[in-house]
Amino acid sequence: MRRALAVAGSLNMDFVVSTARLPAPGETVTGHNFHTAPGGKGANQACAAARLSAGRLAVRMIGRCGYDAFGDQLKAGLAAAGADVSGVHAVRAAATGVAMIEVDAEGRNSIVIAPGANAMLSEADMEQSRPVFRGCSFVLFQLESPMETVAAGLEIARDEGAETMLDPAPARVLGGELLRMVDVLTPNESEARILLGSEPGEIEPKEAPEVARALHALGPRAVVLKLGHQGAFFFDGTVELFQPGYLVDSVDSTAAGDTFNAGFAVARAEGKGVAEALRFACGAAAISVTRSGAQPSIPSRAEVENFLSTRA
Ligand code: RIB
């Protein structure tokens, strides 16, 4: 039987505008391009896990959408990538989630989401997903679902013997009770700072060991600190590993973090070591930033293997 990986989280239709620079509060700027693309942190991670595992793992998405065209498009896109969407249920009470995204000339973004149906993913849905979690090596969560749902999901996934991965995005402070149910916590630089009670800001690789140790002390079994183009740092209380990032021309960083998470989980679920999983995840994320849009930017496994074969 194929090993499995599940993602419980959000599906959004992204409305993306490219602009030379992001507007300041109260300012209007004129952008130069608009498109819609399938997104949502949960759906991006499920799409990435399906593409990056290329059939070696069964990938299952659990989420909520509305009875509308966006919901249908998002489910169809995930199914085409190879994910099982039988756990994505439509609700009548809300529309499919959307995200308004601005991307600047350097590929940086700002995002506002309207959760819609994502806010209706419930603790009961997590309980109903128990049999799905039972067969999984990893279950991936993010914070675009209600907190009580994430907490219930983490607990049930752990109960059923799966490893849990939490992407603490969008950033917020989290309690020790929740973090102790996390096997792999994957903050980016700003999320790490916020989890530690500081102002959001950048982290240099030389600071990563200290930051990762402080995050580990909050309760997760392991921390993977995502440092964007600088790479990623792993700490599990004993082992420390740094994987430098790959230099590429950045067009749009949307979903790079989601691609990284899926890449790391897929590699670990396939039995690869942490160092190899970090390298695979960094390679996948690097390719994703060279392309526009969330799910359209996520590479196939073959692309990642090809990319890494040309890099140290
Ligand atoms: O992580 C990127 C995602 O964040 C976008 O696809 C958008 O939908 C928001 O959820």
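Both counts, for ligands and for their atoms, begin at 1 and track the order of listing. The residues of the chain are indexed from 1 along the displayed sequence. No hydrogens, no waters, no symmetry mates; every other heavy atom, side chains included, goes into these values.
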In the structure I gave you, are the side-chain heavy atoms of I203 and Q230 within less than 4.5 Å of one another anywhere? no
In this structure, atom 1 (O) of ligand 1 is nearest to the protein heavy atom D258 OD2, 2.7 Å
Taking only heavy atoms of G39, which atoms of ligand 1 are found under 4.0 Å from at least one of them? 6 (O), 8 (O)
Over 12 non-hydrogen atoms of neighbours within 6.0 angstrom of CZ in R311: yes
Quick one: salt bridge (Lys or Arg N to Asp or Glu O under 4.0 Å) partners of R291, sequence neighbours excluded? E303
4.5 Å side-chain heavy-atom contact, M147 and L174: yes
Do D84 and V132 come within less than 4.5 Å of each other through their side chains, counting heavy atoms only? no
Would you please classify the geometry between the F15 ring and the F34 ring as parallel, tilted or perpendicular, with 30° and 60° separating the classes? tilted
Near A294 (heavy-atom distance under 4.0 Å), the atoms of ligand 1 are 6 (O)
Distance from atom 4 (O) of ligand 1 to nearest protein heavy atom, with residue and atom: K41 NZ, 3.0 Å
To check your reading of the model: name the closest protein heavy atom to atom 9 (C) of ligand 1, its residue, and the distance in Å. E144 OE2, 3.4 Å
For ligand 1, which is the ligand I care about here, please tell me if G40 has any N or O atom under 3.5 Å from one of the ligand's N or O atoms. yes
If you measure every N or O of T254 against every N or O of ligand 1, does any of those distances drop under 3.5 Å? no
Under 4.0 Å from one or more heavy atoms of A99, ligand 1 contributes atoms 7 (C), 8 (O)
Look at atom 6 (O) of ligand 1 and say which protein heavy atom is nearest, naming residue and atom and giving the distance to 0.1 Å. D14 OD2, 2.6 Å
Considering only non-hydrogen protein atoms, determine which one is nearest to atom 3 (C) of ligand 1 and report residue, atom name and distance to 0.1 Å. N44 ND2, 3.6 Å
Can you list everything that forms a side chain to side chain contact (heavy atoms under 4.5 Å, CB included) with A117? Sequence neighbours excluded, please. R64, V91, A94
